[in-house]
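All values derive from a computational prediction rather than experimental measurement. Throughout, protein chains are lettered first and strands after them, A, B, ... in sequence-line order, and every chain is numbered starting at 1.
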There are 2 protein chains.
Amino acid sequence: MILKDNNIKITPQRLVVLEYLDKNCTHPTADEIYSYLKKKNPSLSKTTVYNALETLSKHGIIQSLTISGYELRYDLDHGMHHHFYCKICGRIVDIELKCPNVEKMKKYGHEIEEIHGYIKGICKKCLKEKDKK
Amino acid sequence: MILKDNNIKITPQRLVVLEYLDKNCTHPTADEIYSYLKKKNPSLSKTTVYNALETLSKHGIIQSLTISGYELRYDLDHGMHHHFYCKICGRIVDIELKCPNVEKMKKYGHEIEEIHGYIKGICKKCLKEKDKK
DNA sequence: ATGTTAAATTGTAATGATTACAATTTAGTA
DNA sequence: TACTAAATTGTAATCATTACAATTTAACAT
């Protein structure tokens, strides 16, 4: 199991957070995760959600996205992809994409740990809505 | 002048904010801009700085960066480039880079307005510091 | 099984960036 | 020079995130 593999203490709270992110690819905020899980886990604290997210993040199991500016969003890492953010509906969708620069990047002399590709605009669905008018 | 070209009302406050961003490629926060400009413009309000940044941003004259997570940073747009964020010193440096995906992106059916490339890791300078130890 | 201990969880309070808002001032134009 | 819509200002509110201290618990050794 992924927690044991990373020497992270296994707690029910961490398990539910991880399970939530595994089942929900909606790039939720800490608050969305908390609000949902709180229903079935009344003793859950929001701080715990933040702590769990930070721990998972630090071990590279999940990724935190800064794309929407005023809040962090979280994403279980399933390999390299970029994100598209719709300025109208706020939805974030994954974009499967190989960035050919990843390897070249090292020539700058910096040590690369993360690569984030954020594309912003208007999504397919919202474009259709606009056309109707 | 760039403000007139965009039909933005010319005010001394907007001018000093723009000038600051033109001269300082440090990707400052709103607060850094405010604190510096306040010295020579005592009547300047922080809200005005936020307003000016938003207006300039909306017109594509400047870009807001979400790279550091808990605060927005601003950058005068001089053509396509990505950003490198050092996790140790917090500095953000420009990476001149042509992204070959920009054109291909449209096939997803979304309308693309902005592309952000954020690379995170440890910068050259901080790597040297680490080696000394 | 049980006891031990370092680490995790909880709830509350603090922080700090950003936004809301209403009163005042001003840029652009007639 | 006067007018008006828009910009500026300062204060107060908002809201995500973090700090912290008390309590609980996972993991491990006996």
Side-chain angles (χ1 to χ4, degrees), chain A residues 1-20 27-59 61-75 90 92, chain B residues 1-20 27-59 61-75 90 92:
Chain A
M1 179 220 284
I2 195 157
L3 293 183
K4 191 160 272 177
D5 295 346
N6 283 272
N7 268 322
I8 301 174
K9 210 181 255 188
I10 296 165
T11 68
Q13 292 86 348
R14 285 173 178 169
L15 286 175
V16 290
V17 168
L18 198 50
E19 188 197 19
Y20 183 88
H27 313 86
T29 61
D31 191 66
E32 283 164 5
I33 298 168
Y34 168 73
S35 298
Y36 183 85
L37 295 177
K38 181 78 174 173
K39 294 179 208 158
K40 296 200 172 168
N41 308 268
S43 76
L44 183 65
S45 160
K46 195 183 279 191
T47 303
T48 301
V49 174
Y50 276 104
N51 288 342
L53 291 170
E54 202 207 335
T55 302
L56 296 171
S57 220
K58 221 180 257 170
H59 285 81
I61 297 166
I62 65 173
Q63 201 186 18
S64 73
L65 307 184
T66 65
I67 191 168
S68 47
Y70 49 93
E71 67 199 350
L72 291 175
R73 294 177 168 278
Y74 295 87
D75 195 15
I92 295 169
Chain B
M1 177 218 284
I2 197 156
L3 293 182
K4 193 159 268 177
D5 295 346
N6 283 271
N7 266 322
I8 301 174
K9 211 180 254 185
I10 295 166
T11 67
Q13 293 86 348
R14 284 174 178 167
L15 285 175
V16 289
V17 167
L18 198 50
E19 188 197 18
Y20 184 88
H27 312 87
T29 62
D31 191 66
E32 283 164 6
I33 298 168
Y34 167 74
S35 298
Y36 183 83
L37 295 177
K38 182 77 175 175
K39 293 180 209 158
K40 297 202 172 167
N41 308 268
S43 76
L44 184 67
S45 161
K46 197 183 275 190
T47 303
T48 300
V49 173
Y50 276 105
N51 288 341
L53 291 170
E54 203 207 336
T55 302
L56 296 171
S57 220
K58 222 180 253 167
H59 285 80
I61 299 167
I62 65 172
Q63 202 187 15
S64 75
L65 308 182
T66 65
I67 191 169
S68 49
Y70 49 93
E71 68 198 350
L72 292 175
R73 294 176 169 276
Y74 296 88
D75 197 14
I92 296 169

[X] side chain: which of [options] is closest?
X: A:N51; options: D:dT9, C:dT10, D:dT17; result: C:dT10
X: B:L72; options: C:dT18, C:dT9, C:dG11; result: C:dT18
X: B:K9; options: C:dA6, C:dT10, C:dA27; result: C:dA27
X: B:P12; options: D:dG10, D:dT8, C:dA27; result: C:dA27
X: B:S45; options: D:dA5, D:dT17, D:dT9; result: D:dT9
X: A:A30; options: C:dG28, D:dT17, C:dA7; result: D:dT17

Is there a side-chain contact between [X] and the phosphate of [N], meaning an N or O under 4.0 Å from OP1 or OP2?
X: B:Y50; N: C:dT18; value: yes
X: A:Q13; N: D:dT25; value: no
X: A:T11; N: C:dA7; value: no
X: B:T47; N: D:dT8; value: no

**Request:** Can you measure from CD1 (B:I2) to CG (B:L18) and round to the nearest 0.5 angstrom?
**Result:**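 CG of B:L18 is found 6.5 Å from CD1 of B:I2.
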
**Prompt:** So which one's nearest nucleotide on DNA chain D is more toward 5', B:G69 or B:V49?
**Reply:**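 Counting from the 5' end, the first nearest nucleotide belongs to B:V49.
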
Distance in angstrom units between [X] [atom1] and [N] [atom2], rounded:
X: B:E71; N: C:dT19; atom1: CD; atom2: C1'; answer: 17 Å
X: B:Y70; N: C:dA14; atom1: OH; atom2: C1'; answer: 18 Å
X: B:L15; N: C:dA27; atom1: CG; atom2: P; answer: 10 Å
X: A:N7; N: C:dA6; atom1: CG; atom2: C1'; answer: 14 Å
X: A:Y74; N: D:dA16; atom1: OH; atom2: P; answer: 12 Å
X: B:K38; N: D:dG10; atom1: NZ; atom2: C1'; answer: 9 Å
X: B:N41; N: D:dT8; atom1: CG; atom2: P; answer: 12 Å
X: A:I33; N: D:dT17; atom1: CD1; atom2: C1'; answer: 14 Å

**Request:** Using a 4.0 Å heavy-atom cut-off across all strands, classify A:S43 as base, sugar-phosphate, or nothing.
**Result:** sugar-phosphate

**Item:** Terminal axis angle for the helix from C:dA1-D:dT30 to C:dA30-D:dT1, five pairs an end, nearest 10 degrees
**Value:**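 Nearest ten degrees gives 40° for this helix.
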
Closest heavy-atom pair and its distance - [X], [Y]:
X: A:R73; Y: A:I92; result: CD-CD1, 3.2 Å
X: B:D31; Y: B:K46; result: OD1-NZ, 2.6 Å
X: B:A52; Y: B:V17; result: CB-CG2, 4.2 Å
X: A:S45; Y: A:Y34; result: C-CE1, 3.7 Å

[Y] side chain reached by [X] side chain, heavy atoms, under 4.5 Å:
X: B:L53; Y: B:L72; result: no
X: A:P28; Y: A:Y36; result: no
X: B:I10; Y: B:R14; result: no

**Prompt:** Relative to the 5' end of DNA chain C, which residue comes earlier, A:Y34 or A:T55, by the nucleotide with the nearest heavy atom?
**Reply:**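 Per heavy-atom nearest nucleotide, the more 5' residue is A:T55.
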
